[in-house]
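Naming: A, B, ... by sequence-line order, numbering from 1 per chain.
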Protein chains: 2
Amino acid sequence: MNKQASGDGTVGKALDILDMVAEIGRPVRFSDLLEQSPHPKATLYRFLQTLTNQGMLKYDGERQTYSLGLRLVRLAHQAWAQSSLAPLARLHLEALAVETGETIHLAQMENGQVLFIDKCRSSNRFDTLAQAGRIAPAHCTGVGKAILAHLTPERFDRAMSHQTYLKFTSATHDTADGVMAEFDQIRAEGVAYDREEHEDGIISIAAPIFTQSGRVIGAISIVSSTSRRSLEDLTAFKPQLIETAGKIGAEASAWQFPS
Amino acid sequence: MNKQASGDGTVGKALDILDMVAEIGRPVRFSDLLEQSPHPKATLYRFLQTLTNQGMLKYDGERQTYSLGLRLVRLAHQAWAQSSLAPLARLHLEALAVETGETIHLAQMENGQVLFIDKCRSSNRFDTLAQAGRIAPAHCTGVGKAILAHLTPERFDRAMSHQTYLKFTSATHDTADGVMAEFDQIRAEGVAYDREEHEDGIISIAAPIFTQSGRVIGAISIVSSTSRRSLEDLTAFKPQLIETAGKIGAEASAWQFPS
DNA sequence: ACAAAAGTTCCAAATAATGGAACATGATAT
DNA sequence: ATATCATGTTCCATTATTTGGAACTTTTGT
């Protein structure tokens, strides 16, 4: 799923191991990692030791497994708080959640995928990293398509050239052309829809967030399930959604000038 | 605040830079980091370049500043979800928040400090003090003292030998002896109190979480402010607090055997 | 008790990191 | 406009770190 050797020397190799552990998604044994890693035994062993010493991995001596360490949680909190988008969007998301009674997502692109930065449910008031930090493919989510449709060709290629258009449901567009065919309409209408393209029964309507200079920096979406809402129901929220995205963009412009 | 050279070669040095950026807490310029870092200009420059390529840092070309990158958010989400404590504690925290009407914190020790792993509030009225991933000193917080009082001498030394007992409020115990004087009572009573020792106006009652083998693995607390509750009010919740901590510990025991 | 697998250590060779110094860029003053 | 200073970037011979095959130890399975 991730690209080839990212290069960047020893540090890059070490960080790739973190991704590997994250992707497996459960505590892993040394031998499990050894199969997947390009490194010989001794090299991998030393990396794991270093990362564990550093708190980036946690070693469970009883079960002899490695999992991701708490230092990441600490750092990510700062990353989130320093982000120019998430903290200031918070209040707007909450307002929209209350107004619609549905779940609101805030997402950005990261490395060709959609990264959920925040999530707000009207019925449920906890915040945690469990909700932020999830990733999803861009080609089959509302927020993903809302962002992709407004990228310059260069940024689009950089994001998607190494991605595969996996088919998750019968509605997923699993080719680049199939996805791009929607872009004109998304740009014209101002919102993108997810019509059960990522998960059966889950639909969403998403609006891109722009800086004042017109660059897409993220997207927000109203997410629901077919059992509760129809796509038409969500369409009714379009004005509020677009307005909220506009407000967030305006506030973010004072802060954010992405390279 | 953090210790001396952590060693661990090139990877360790690179990760130290992330901590440095996190500690500063705002986007930083190259020259700001140069002052604080032990590295010469060219070396630091290369580290920042590598970390930026890797997505651990984000470079803002317009303002020429570095901040922590989104890759950390992605990884931390997995770290949280893989953690043996946080996901399973979730429901218990929520129940306690509803029952008490106050904010509930879940915390673990990390590197001599208290790391807040999850947080649950019953109402939206107040902006929360600590979000997941936030850190605080151990010696002056309820959760910190609840954990410290039940550490073995070896684990206590490992955790606290490099910590300074900073004084935050007039109530803070700013010596090791002052903090340890409370430990007998904490162990006898089963809970620790924060009597405005970290922040004026903020109080809490905290209970340690044990595995079935009797090892402390974290703590939960009920947090309030002096304007809403007295310490006696919180004490009234002691039975529920201890019971909840017990449940979490029992469930965690099936999973967690820390090294 | 034995064999096989998994995990750990060692060290000479290979490689990547280092940092002083030169070079570029941009801001501010003259 | 030109000089001056501060900041950021590149170069490359030297140096220090990483590398990984192989030997060794421990654990697991039969």
Exercise. Within the pair A/T10 and C/dA17, is there a side-chain N or O less than 4.0 Å away from OP1 or OP2?
Worked result: yes
Problem set entry | Partner of A/V28 by side chain to side chain contact (heavy atoms under 4.5 Å, CB included), out of A/L48, A/V21, A/L34 | A/V21
Problem set entry | B/R46 side-chain N/O to C/dT18 phosphate OP1/OP2 under 4.0 Å | yes
Exercise. Whole Å only: how far is the CD atom of A/E62 from the P atom of D/dT28?
Worked result: 11 Å
For this session: Decide yes or no, distance alone: a donor-acceptor N/O pair under 3.5 angstrom between the base of C/dG7 and the side-chain of A/R29.
Result: no
Exercise. Does the base of C/dG20 carry an N or O that pairs as donor and acceptor with the side chain of B/K41 under 3.5 Å?
Worked result: no
Problem set entry | salt bridge (Lys or Arg N to Asp or Glu O under 4.0 Å) between A/K247 and A/E243, worked out | CA-CA 6 Å; A/K247 282 190 213 161; A/E243 191 196 338; 3.7 Å; yes
For this session: Check whether any side-chain nitrogen or oxygen of A/Y45 sits under 4.0 Å from OP1 or OP2 of C/dT8, and answer yes or no.
Result: yes
Exercise. Which is true for A/S31 with a 4.0 Å heavy-atom rule: it touches a base, it touches only sugar-phosphate, or it touches nothing?
Worked result: sugar-phosphate
Exercise. Picking from D/dG8, C/dT18, C/dT9, which would you name as closest to the side chain of A/A42?
Worked result: C/dT9
Exercise. A/R71 and A/Q54: side-chain donor and acceptor closer than 3.5 Å?
Worked result: yes
Exercise. What is the distance from CG of A/L44 to C1' of D/dG21, rounded to the nearest Å?
Worked result: 16 Å
For this session: Give a yes/no on whether any side-chain N or O of A/K13 is located under 4.0 angstrom from OP1 or OP2 of D/dT18.
Result: no
For this session: Nearest whole angstrom, please: distance from the P of C/dA24 to the CD of B/Q64.
Result: 18 Å
Exercise. CG of A/D32 versus P of C/dA5: gap in Å, rounded?
Worked result: 16 Å
Exercise. Between C/dT8 atom P and A/N53 atom CG, what is the distance in whole Å?
Worked result: 13 Å
For this session: Give the rounded distance in Å between these two atoms: CZ of A/F47 and P of C/dG7.
Result: 18 Å
For this session: Specify the separation, in whole Å, of atom CG of B/L33 and atom C1' of D/dT7.
Result: 14 Å
For this session: Measure the distance from CZ on A/R63 to C1' on C/dA6 and round it to the nearest whole Å.
Result: 18 Å
Exercise. For A/D157, does its backbone N or O pair with a side-chain atom of A/S161 as donor and acceptor, under 3.5 Å?
Worked result: yes
Problem set entry | Nucleotide nearest B/Q49 (side chain, heavy atoms from C-beta), chosen from D/dG21, D/dT10, C/dT9 | D/dT10
For this session: Determine yes or no for a side-chain-to-main-chain donor-acceptor pair under 3.5 angstrom, with B/T164 supplying the side chain and B/L166 the backbone.
Result: no
